[in-house]
Novice: 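Got a structure for you, questions after.
What you see is a predicted model; the values in this text were computed from it and never measured.
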Number of protein chains: 2
Amino acid sequence: MSGPFRFSASITPPGAAMSGPEAEERVVAAVVEAILGHRIPPGTRLVERELGKASGASRSAIRNGLLRLAQAGLVELSPNKGASIAQCSPEEARHVFEARIAIETSTARTLAERMTASDRARLEAFIEEERHAYEAGRMEDARHLSRRFHLLLAELAGNPVLTGFVRDLINRQPLLSWGSRDHKPRFCGNEAHRAIVAALAAGDGEKAARLNAEHLRELESELGAERGNTLPAGEEAASGAGAPAGNQ
Amino acid sequence: MSGPFRFSASITPPGAAMSGPEAEERVVAAVVEAILGHRIPPGTRLVERELGKASGASRSAIRNGLLRLAQAGLVELSPNKGASIAQCSPEEARHVFEARIAIETSTARTLAERMTASDRARLEAFIEEERHAYEAGRMEDARHLSRRFHLLLAELAGNPVLTGFVRDLINRQPLLSWGSRDHKPRFCGNEAHRAIVAALAAGDGEKAARLNAEHLRELESELGAERGNTLPAGEEAASGAGAPAGNQ
DNA sequence: TCTGTATAGATTGTCAACAATTCAAGGAGA
DNA sequence: TCTCCTTGAATTGTTGACAATCTATACAGA
């Protein structure tokens, strides 16, 4: 029942057997990319042998990579049973969103205080790029940029510890949307991001933080509402009660 | 010159060769305990062979344990050079404190809203235990409880994601205080904790969050002030040389 | 037909040996 | 005396084989 899917992306330039931390990094990156690209559903088993064939990495490198992924919350390791893509319960999804709001609220405030002209230029250029992707219908790119936007805010705030947390949380995001009806990932609208940048540019960290929190809550409630159709959720549905099944 | 210290705690009940995840867990716990107990200074090399002798764990288990510790920010891994206890620069220390404030502010607010009578009783009992430890001069216990208090707040708030972050940050805390003059770890006063609990019990999450943030900032400034006194000489001072006196 | 059991295959966990790299000491030469 | 090179020990990284565990299939019995 778990998953008819198999992870079998060919990543290696043929004949290249990478070694060491490089191979490990490659395995991690491949799995993360597949998750972000919404190509592996939660529950998919990650067999060491398959990963080895696909990536050309040694078994120990794969093992280390899986360990790192497990600590990032992206895969689950059960003893003697191996690794599989993590399955997020609706409750966990709520926790991830709450954590993002907590941390990004802080980074938004910090960034508003320290923002330089260069930061502002970079953010506005980023928003433009995001808009172009949307308008050109390049949804894959738009999704990527949309995630990258939140990470960029954290990076510019200048706290690597918080940035690391945000990265992990963002990477988990696609796993949450697999519960929705059409299995299509939700992503942020460009307008919301534009408003946040405007608030930051005006030095209003409080407003930027508030907008960002509302933005994330909306994203969560869309997810929750869709999930409400497929799951007989009792208590969890309370948060998404206001927005019935409006999807596209 | 880095470290004359060696990690050689005998942990094993003699003749017990643990296996599997249990051994790995034991290695991790042993290192974490040693850090929390302020028994290993940053920079101490962790040689796999030594860890194996001390813990009775196999080399692969040790390797996995070190990987986990590295991801928690407690040890640094350099390729082909092995593992050593992480050295936190003053800048990193600031980031850790900032991260704690960001996250604990959120958990304090959440907890104030959801707090039950049982939570309140537990917190007050905890504070009492902490006070007893202080008054009895059991400083080791007091330090332990003092850390545990902040973790307990996060746990009671009910978000495992944020709790995990807080745990990692708290575990890193002792590494920050090794730069201070007497190498003695700073720890929270019981009064500050009592005030936080009072605010939480009154349902005033805003106040609790503010008190907690001030509490942490005070801790940080004590650390920073002491570090400013001792660092100007020596090889490590390279990072602190940029800001001779006038930071803060 | 259904249930419980036995067996075979596949997968993970562990270990020991080997290869590669780093670090420190020692010595030759200017 | 100082610098640079060589050499050796110590440590980490990797590989392959073996043991332990789980999963699925086939089968006997009610």
Novice: Could you give all pairs that pass the salt bridge (charged side-chain N to carboxylate O under 4.0 Å, His left out) test and reach residues 72-94 of chain B, with sequence neighbours left out?
Specialist: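 Listed once each, the pairs would be none.
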
Novice: Figure out the CZ/P separation between B:Arg49 and D:dA9, and round it to whole Å.
Specialist: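 Going from B:Arg49 (CZ) to D:dA9 (P), I get 15 Å.
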
Novice: Nearest whole Å is fine: how far is C:dT21 P from B:Leu77 CG?
Specialist: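 Nearest whole value for this atom pair: 19 Å.
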
Novice: Compare the minimum distances between each of D:dG13, C:dT11, C:dG13 and the side chain of A:Val47, then state the nucleotide with the smallest one.
Specialist: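 Output: C:dT11.
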
Novice: Has the side chain of A:Thr105 got a donor or acceptor atom that lies under 3.5 Å from a matching backbone atom of A:Ile101?
Specialist: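 Looks like yes, one N/O pair under 3.5 Å.
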
Novice: Counting distance only, does the side-chain N/O of B:Thr163 pair as donor-acceptor with the main-chain N or O of B:Ala154 below 3.5 Å?
Specialist: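 Flag set: sc B:Thr163 to bb B:Ala154 pair under 3.5 Å.
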
Novice: Of all of residues 62-74 of chain B, which get a heavy atom below 4.0 angstrom from DNA chain C, listed by number?
Specialist: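 Per residue number, the list is empty: none.
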
Novice: Grab the CG-P distance between A:Leu51 and C:dT12 for me, whole Å please.
Specialist: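 From A:Leu51 CG to C:dT12 P: 9 Å.
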
Novice: Summarise how protein sits on nucleotides 18-23 of chain D as a single string, 5' to 3': B when a protein heavy atom is under 4.0 Å from the base, S for sugar-phosphate-only contact, - for no contact.
Specialist: ---SSS

Novice: Nearest whole angstrom, please: distance from the C1' of C:dT11 to the NZ of A:Lys53.
Specialist: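 Those two atoms, NZ and C1', are 14 Å apart.
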
Novice: Going by an N to O cut-off under 4.0 Å, is there a salt bridge joining A:Lys53 and A:Glu50?
Specialist: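 The answer is no: the pair does not qualify as a salt bridge.
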
Novice: Can you tell me if A:Asn159 uses its side chain to pair, donor with acceptor, with the backbone of B:His95 under 3.5 Å?
Specialist: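 It does hold such a pair.
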
Novice: Donor-acceptor pair, B:Arg114 side chain versus B:Ala157 backbone, under 3.5 Å?
Specialist: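 Flag set: sc B:Arg114 to bb B:Ala157 pair under 3.5 Å.
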
Novice: Taking atom CD of B:Glu24 and atom CG of B:Leu66, what is their separation to the nearest 0.5 Å?
Specialist: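 One gets 9.5 Å once the value is rounded to the nearest 0.5 Å.
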
Novice: Please check the phosphate of C:dC15 (OP1 and OP2 only) for any side-chain N or O of B:Ser58 closer than 4.0 Å.
Specialist: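 Yes, such a contact exists.
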
Novice: Between A:Ser60 and B:Ala83, which residue's closest nucleotide on DNA chain D lies nearer the 5′ terminus?
Specialist: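 Checking each residue's closest nucleotide, the 5'-ward one belongs to B:Ala83.
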
Novice: Any idea how A:Phe149 and A:Phe126 line up, ring-wise: parallel (<30°), tilted (30 to 60°), or perpendicular (>60°)?
Specialist: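 It falls in the tilted class, 30° to 60°.
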
